[in-house]
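Each ligand, and each atom within it, is numbered from 1 in the order the structure gives.
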Amino acid sequence: MNRVICIDGPSGAGKGTISQGIAAHLGWHLLDSGAIYRVLGVACQDRGIAWDDSREVVAVARDLAVNFTPGDDGVRVTLAGEDVTSRVRSELGGKGASAVAVIPEVRAALLSRQRELAIEPGLVADGRDMGTAVFPQAPLKIFLTASAEARAERRYAQLLARGESVSLPRLLDDIKERDARDSERAASPLTPAEDAIQIDSTALSIDEVLQKVLGLAVDRGLGMRGSD
Ligand code: DC
């Protein structure tokens, strides 16, 4: 099944919102690959395994009992039956994800789990290496960016709305630190695929980005709901 739209880019560029919007519009499945790395970080924490202990982290990755279930207030994440949604979405969840994601064997162990989600009628895949490593044959690859300042401000508003107390300068530092770690790692670094189309969302609304991506999907014959 080759009907895959990849949405890659740095933290806070709006990939999650855009991917959900495209998937809902087309009636396609959604892969939030960051959530898989986040759950892995949480699972390691629960077992007292350090995020840089490659051998142990890979073992956890190989039999990660994770489930994603759509709910009224977004997707709920369960790990071996326990609801870990808020831990997975927290800042610490993001740090753990970024730390375990540098381990090449972890990325390899999670490949088939991600690829098996490419099923009819189509898949919108949100992540860092969807277009470069996981779905290199995808017919549409978007690399979504925004300035670090714009991304920190968006994240700040999101966390405040969820009642988490955060400092904007600290968020900006964290975003820059995570960008550097994601971009500089040897295994599947954050970099656009050669055939990716770059969209800078700094000055665009969510709807403007959605319309751009949907237009590109139509151009490639992917745009009609339920089409073949
Ligand atoms: O998209 P996110 O913020 O949920 O991702 C959390 C971390 O997981 C991010 O810092 C890098 C890592 N990640 C990755 O290495 N590869 C992916 N396909 C998705 C996320």
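- Evaluated by nearest non-hydrogen atom to atom 6 (C) of ligand 1, the leading choice among Ala97, Cys6, Ala101 is Ala97.
- In this model, a donor atom of one side chain and an acceptor atom of the other lie less than 3.5 Å apart for Thr202 and Asp200.
- Taken to the nearest 0.5 Å, the CG atom of Asp46 stands 6.5 Å off from the CG atom of Leu79.
- Of the protein's heavy atoms, Arg107 NH2, 3.0 Å lies nearest to atom 16 (N) of ligand 1.
- The structure places CD1 of Ile206 at 5.0 Å from OG1 of Thr17, a figure rounded to the nearest 0.5 Å.
- A side-chain donor-acceptor contact under 3.5 Å links Arg128 and Ser11.
- By the 4.0 Å heavy-atom criterion, Arg185 is counted among the residues contacting ligand 1.
- Atom 19 (C) of ligand 1 has its closest protein heavy atom at Ser33 OG, 3.4 Å.
- For Met130, the closest heavy-atom approach to ligand 1 falls below 4.0 Å.
- Heavy-atom contacts of Asp182 reach the following atoms of ligand 1: 9 (C), 10 (O), 11 (C) (cutoff under 4.0 Å).
- A distance-only check finds a donor-acceptor pair linking the side chain of Arg38 to the backbone of Val88 [under 3.5 Å].
- Distance check, rounded to the nearest 0.5 Å: CG of Leu110 to CD of Glu105 gives 11.5 Å.
- Counting only heavy atoms of the protein, atom 20 (C) of ligand 1 lies nearest to Gly34 CA, 3.5 Å.
- For ligand 1 and Ser98, the ligand atoms under 4.0 Å from any heavy atom of the residue are 7 (C), 10 (O).
- No donor-acceptor pair under 3.5 Å is formed between the side chain of Arg76 and the backbone N or O of Asp83.
- Of the protein's non-hydrogen atoms, Arg128 NH1, 2.8 Å is the one closest to atom 1 (O) of ligand 1.
- By heavy-atom distance, the residue among Arg38, Arg178, Lys15 lying nearest atom 3 (O) of ligand 1 is Arg38.
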